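What you are looking at is a predicted structure, and each value in this text was computed from that prediction instead of being measured.
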Amino acid sequence: MNRKLFANKLIDAKVIAVIRAKDYRDAWDLLDAYFKAGIKAVEITTTCPEWETLLKRASNIVPDEIIVGVGTVTSSDDVKKSVDNGARFIVSPFVSNEVIGTAIEHDIAVIPGALTPGEIAHAFSLGADMVKVFPVENVGGPKYLRAILAPMPEWKLVPTGGVNRENAFDYFKAGAAAIGIGSNLAPNEALLNRDWSAVSSTVSEFLKSLNSRLEYEL
């Protein structure tokens, strides 16, 4: 494994799709719709039913250019289970020496969650590859991210929490290394109706638009 390689793949992917579902089948269908739409990075949260099975299934079928990881990781045991089932990165809701250390031991990318400059600096001092800024929209959104990065432009930050299709470009313009999007990535009506074709179509159009803007406006 090579955690730096995995972190770079996340940056190349730009959008990390966060999977949360109450049903295994819904979670898998959502994953499948995202893959068909062109999503290159998926974060399966430990709150999903049978998340280990879901992770293993996804890891076994995706091509090399797609990177699959685990979110809501809160212990070294979660990290080990993630590694055993094919995860290439883990995301934690907070800064944990235990979680970061175990991820580094297993050479997978680790992205702890933090909010303040002090918390972010502490996460990087422990060896984090990137830091999830969460919940970013509650504290100012892109303006907050830009303010944090002004004195520390080398920080690789992943804004999450309130990021959606409409404001995604603004976060990259503010300096985001990648963005994390959960339920806001797909239309609510399509999700409620389990219209996976509509989910895939909407996300595909979003990615095309985002990539075009990033290419020509940044």
Side-chain angles (χ1 to χ4, degrees), residues 1 3 5-94 96 99-100 102-103 106-113 128-132 134-135 158-161 163-164 177-186 188 190-191 194 196 199-200 202-204 206-207:
M1 292 192 180
R3 65 190 183 95
L5 173 63
F6 299 148
N8 287 333
K9 280 192 172 186
L10 289 172
I11 293 172
D12 291 340
K14 300 182 181 66
V15 177
I16 303 172
V18 183
I19 304 295
R20 292 188 186 278
K22 296 180 179 179
D23 177 84
Y24 174 88
R25 181 58 185 270
D26 283 351
W28 178 257
D29 287 342
L30 183 58
L31 273 170
D32 185 56
Y34 284 163
F35 291 152
K36 290 176 180 175
I39 287 289
K40 301 299 184 185
V42 174
E43 172 191 330
I44 299 169
T45 61
T46 60
T47 56
C48 287
E50 302 178 67
W51 68 269
E52 294 167 69
T53 303
L54 191 66
L55 170 63
K56 187 172 185 177
R57 183 181 178 186
S59 299
N60 284 337
I61 68 167
V62 296
D64 290 341
E65 64 266 23
I66 295 178
I67 184 167
V68 181
V70 179
T72 321
V73 174
T74 61
S75 68
S76 60
D77 188 50
D78 282 345
V79 176
K80 293 171 184 175
K81 288 178 181 178
S82 299
V83 172
D84 289 343
N85 288 285
R88 295 294 180 257
F89 68 96
I90 63 102
V91 182
S92 180
F94 47 73
S96 164
V99 168
I100 294 172
T102 306
H106 288 83
D107 205 21
I108 64 171
V110 55
I111 311 172
D129 297 290
M130 305 162 79
V131 173
K132 176 176 76 170
F134 175 85
V158 184
T160 308
V163 182
N164 55 48
I179 56 174
I181 309 183
S183 59
N184 289 328
L185 183 54
N188 286 334
L191 291 173
R194 294 178 172 81
W196 308 119
V199 169
S200 188
T202 300
V203 174
S204 177
F206 160 68
L207 291 176

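- A distance of 10.0 Å separates CD1 of I16 from NZ of K132, quoted to the nearest 0.5 Å.
- Applying the side-chain hydrogen bond (donor to acceptor under 3.5 Å, both in side chains) definition to pairs two or more places apart or across chains, none involves residues 6-16.
- Shown here are the salt bridge (charged side-chain N to carboxylate O under 4.0 Å, His left out) partners of D32, two or more places apart in sequence or in another chain: K36.
- Applying the salt bridge (Lys or Arg N to Asp or Glu O under 4.0 Å) test to residues at least two apart or on different chains, none of the pairs has a partner in residues 44-56.
- When all heavy atoms are compared, the tightest approach of A103 to I90 is CB-CG1, 4.1 Å.
- Taking CD1 of I111 as the start and CZ of F134 as the end, the distance is 14.0 Å to the nearest 0.5 Å.
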In sequence, state the C-alpha distance, the side-chain angles, and the governing distance for V158 and L10, and then conclude on side chain to side chain contact (heavy atoms under 4.5 Å, CB included). CA-CA 10 Å; V158 184; L10 289 172; over 6 Å; no

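- Contact record, M130 with A7: SD-O, 4.1 Å, taken as the closest heavy-atom pair.
- Taking CG of D29 as the reference point, atom OH of Y24 lies at 10.0 Å (rounded to 0.5 Å).
- Applying the salt bridge (charged side-chain N to carboxylate O under 4.0 Å, His left out) test to R57 and every residue at least two apart in sequence or in another chain returns nothing.
- Atom-to-atom distance recorded for K81:NZ and S76:OG is 10.5 Å, nearest 0.5 angstrom.
- Contact record, L54 with W28: CD1-CE3, 3.7 Å, taken as the closest heavy-atom pair.
- No donor-acceptor distance shorter than 3.5 angstrom exists from the side chain of S92 to the backbone of T74, with no hydrogens or angles considered.
- Summarising the geometry of V83 relative to H106, their closest heavy-atom pair is CG2-CB, 3.8 Å, with the distance given to 0.1 Å.
- L30 contributes atom CG, which lies 8.5 Å from atom SG of C48 (distance to the nearest 0.5 angstrom).
- For the pair Y34 and L185, the minimum side-chain heavy-atom distance is below 4.5 Å.
- Rounding to the nearest 0.5 angstrom, the gap separating the CG atom in L207 from the OG1 atom in T202 is 11.0 Å.
- Closest approach of G69 to A87, counting heavy atoms only: CA-CB, 4.3 Å.
- Take R194 and apply the salt bridge (charged side-chain N to carboxylate O under 4.0 Å, His left out) test, not counting sequence neighbours, and it matches D26.
- When atom types are taken as modelled, the side chain of S59 and the backbone of L55 share a donor-acceptor pair closer than 3.5 angstrom.
- Remark: the backbone N or O of D78 is paired with a side-chain donor or acceptor of S82 at under 3.5 angstrom.
- Nearest heavy atom pair, residue A33 against residue V199, reads CB-CG1, 4.0 Å.
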Side-chain donor-acceptor pairs of residues 38-46 under 3.5 Å, sequence neighbours excluded:
| unit_1 | atom_1 | unit_2 | atom_2 | d |
| --- | --- | --- | --- | --- |
| T45 | OG1 | I19 | O | 2.9 |
| T45 | OG1 | T47 | OG1 | 2.9 |
| T46 | OG1 | T72 | O | 2.8 |

